[in-house]
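Just below is one structure, and these are the notes that go with it.
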Protein chains: 2
Amino acid sequence: MVDNQEKAGGTFGLAVAQVGGIQPSESKAEVVERLTGLLRDAAARGADFVVFPELTLTTFFPRYWVDDNSGMDANYETSMPNDDVAPLFAAGRDLGVGFYLGYAELTPAGRRYNSSVTVDKEGAITGKYRKVHLPGHDDNRATLRSQHLEKKYFEVGDLGFGVFPTDGLNIGMALCNDRRWPEVYRALSLQGADLVVLGYNTPMEVPGWQEEPHAKMATHLLSLQAGAYQNSVWVAAAAKCGYEDGVYMIGGSAIVAPSGEIVAKAMTDGDEVVVAQVDLDMARPFRESVFDFAAHRRPEHYAILVERTGRGEPIPLPAGALD
Amino acid sequence: MVDNQEKAGGTFGLAVAQVGGIQPSESKAEVVERLTGLLRDAAARGADFVVFPELTLTTFFPRYWVDDNSGMDANYETSMPNDDVAPLFAAGRDLGVGFYLGYAELTPAGRRYNSSVTVDKEGAITGKYRKVHLPGHDDNRATLRSQHLEKKYFEVGDLGFGVFPTDGLNIGMALCNDRRWPEVYRALSLQGADLVVLGYNTPMEVPGWQEEPHAKMATHLLSLQAGAYQNSVWVAAAAKCGYEDGVYMIGGSAIVAPSGEIVAKAMTDGDEVVVAQVDLDMARPFRESVFDFAAHRRPEHYAILVERTGRGEPIPLPAGALD
């Protein structure tokens, strides 16, 4: 873990590069050219680290049904980096800027994951994450305008939640739906995360998920803010958003401080870079008081969080407790 | 657990009875008279269940140092109900209204807890909770205007987090600082809670806890909203607030829906009742989609939540994971 005591008083430039809709017709070379432009924009505005979205290199293909998953192979990366993304890695190295990038991964063994990597300012991959909380379904619901087939196209990640020292930052990774699960931020903060980064593709309409449009944005931001505050970490979240093949996804890319306050937020639903000067020391008063985990957490009372998966019956009080 | 399928389409009246400052000079009889008036007010406005604050019967005595804790014995209840609170229990029974009440508990064995009970509309105690997340310190910091000595005056609760069927509701209990810890709502929703109730005393200034006044209110509401949304439960929180013996505590008592939206909120820092008509079925679309715990939670990746208490080192990836 990086010793941030040495960085006391210092700040760094944190950017979120929101990406507008990517149509099925766009090539990865075209997409990477867009991403490289956003990286240059962020660097020019003082960014030392840039957060890109989930499944950044293609349209959100889990909205489409195919009988055989191999019909989607062109959307997966079989190595990282590779020739398609080389210009992005080169630009980061030239500019001295690290980044987080989400993409679909197909392993040599034929396993499919919704993955992300952290890359340092030298262009070296410092960490990898495979998405754990896959939303949606794996059956064909052909009557829907847009399906949400992440459970068909990806396996549950097998690497757990990890924190990766990168250019002096302890960075924890998550992806999309993970941001709504408090267990994720907790697992990362317990590993010393200073910053949690994540990308997302959040369609306005998800089957069975009844939220008004304003609530869709509110619960997205609520989840980021609660994760940041309750874990004394910075959070940076990047959307792929706007229309993709006629389906709308929300924007709202944001940087949130350990106070739970939003300090930067995208205001469009297209390509947009937001940057904040981030002071890691802002987390310190929270970690040393209300959220001094070592002083206040009580894991002996949390067993049910790992012993149960779904909702169940109440655990009765010991006999006589109400006497 | 109550089968709420039978209540489909029905609503009930949920009230929060916020209580203004209680001075050290006030007798418990006077306080209970105030509480009984608030209960009558709530009942007249359609309430079936009323949430009172934490340590409702006395001033927030953990702000004072005494060398021997027994010097504070008059602030503790040695039985519940007892003669002092009998008028409140009688009023609830007469009006057919249940309630939640926080108080300091001194057991026959001499143990001290920050406790709460649920009481049904017949006046019977249906559940009990002893606060787990005790904030503050146990040493004398005499130079402070107000100390926060919960770790001195109370032991960590020994009953865990419980859900108690009460008048057709599955009610989970928490107290004050518990509301900032996502583990609490999760432990309750995994036991089938429909509603989480809690009382709080939140001084504007806590030693070492650096928040601006606006942030103090924002993080309070953020914690309630995230807990409600991420667990598909209703949350009702009651403040003891305003000035007590020269020390100011925030109001902001609120009722939050499973959508994360605040549906009722106190606007004063004194005695005030807010009521909402609550539809338990509003939780259903969330529980059946994004927060279908059985379908989406992954406890195999949450072990660190119970294996670690404080922040520690990152867990390395398996060898070769970055190749």
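Worth knowing before you read on, the calculation uses all heavy atoms, side chains too, and leaves out hydrogens, waters and symmetry mates. What you are looking at is a predicted structure, and each value in this text was computed from that prediction instead of being measured. Residue numbers begin at 1 in each chain, while the letters A, B, ... track the order of the sequences.
Here A/Ala319 pairs with nothing under the side-chain contact (heavy atoms from CB on, under 4.5 Å) rule; sequence neighbours left out. Every residue two or more places apart in sequence or in another chain that forms a side-chain contact (heavy atoms from CB on, under 4.5 Å) with A/Glu261 is listed here: A/Ser259, B/His214.
Contact count against chain B (heavy-atom pairs under 4.5 Å) is highest for A/Arg287 among A/Arg287, A/Glu300, A/Glu307, A/Lys128. The candidate with the highest count of non-hydrogen atom pairs below 4.5 Å against chain B, out of A/Leu305, A/Ile125, A/Leu159, is A/Leu305. In terms of heavy-atom pairs under 4.5 Å with chain A, the best-connected choice from B/Leu222, B/Val132, B/Thr126 is B/Leu222. For chain B, the option among A/Lys151, A/Gln225, A/Gln230 with the highest count of heavy-atom pairs below 4.5 Å is A/Gln230. Taking A/Ile304, A/Leu190, A/Ile315, A/Val163 one by one and counting their heavy-atom pairs under 4.5 Å with chain B, the maximum is reached by A/Leu190. Heavy-atom pairs under 4.5 Å with chain B peak, among A/Glu183, A/Met80, A/His301, at A/Glu183.
Residues A/Phe293 and A/Ser189 form a side-chain contact, since some pair of their non-hydrogen atoms from C-beta on lies under 4.5 Å apart. Considering only heavy atoms from C-beta on, B/Glu150 stays 4.5 Å or farther from B/Leu175 through its side chain.
Heavy atoms closer than 4.5 Å to chain B are found in the side chain of A/Leu317, but not in its backbone. Contacts of A/Ala218 with chain B are absent, with no heavy-atom separation under 4.5 Å from either backbone or side chain. Looking at A/Phe164, only its side chain comes within 4.5 Å of chain B, counting heavy atoms on both sides. Interface residue A/Val156: only side-chain heavy atoms are found under 4.5 Å from chain B. No part of A/Ser79 comes within reach of chain B, as not one of its non-hydrogen atoms sits under 4.5 angstrom from that chain. Of the atoms belonging to A/Leu134, it is backbone heavy atoms, and not side-chain ones, that fall under 4.5 Å from chain B. Both the backbone and the side chain of A/Tyr302 come within contact range of chain B, judged by heavy atoms closer than 4.5 Å.
The line from CH2 of B/Trp181 to CZ of A/Phe291 is 6.0 Å long, rounded to the nearest 0.5 Å.
There is no side-chain donor-acceptor pair under 3.5 Å between A/His148 and A/Arg141. Side chains of A/Tyr229 and B/Arg180: a donor on one and an acceptor on the other come within 3.5 Å. Looking only at atom types and distance, the side chain of A/His133 has no donor-acceptor partner in the side chain of A/Arg179 under 3.5 Å away.
A salt bridge between A/Asp178 and A/Lys131 is absent, with no side-chain N of the basic residue lying under 4.0 Å from a carboxylate O of the acidic one.
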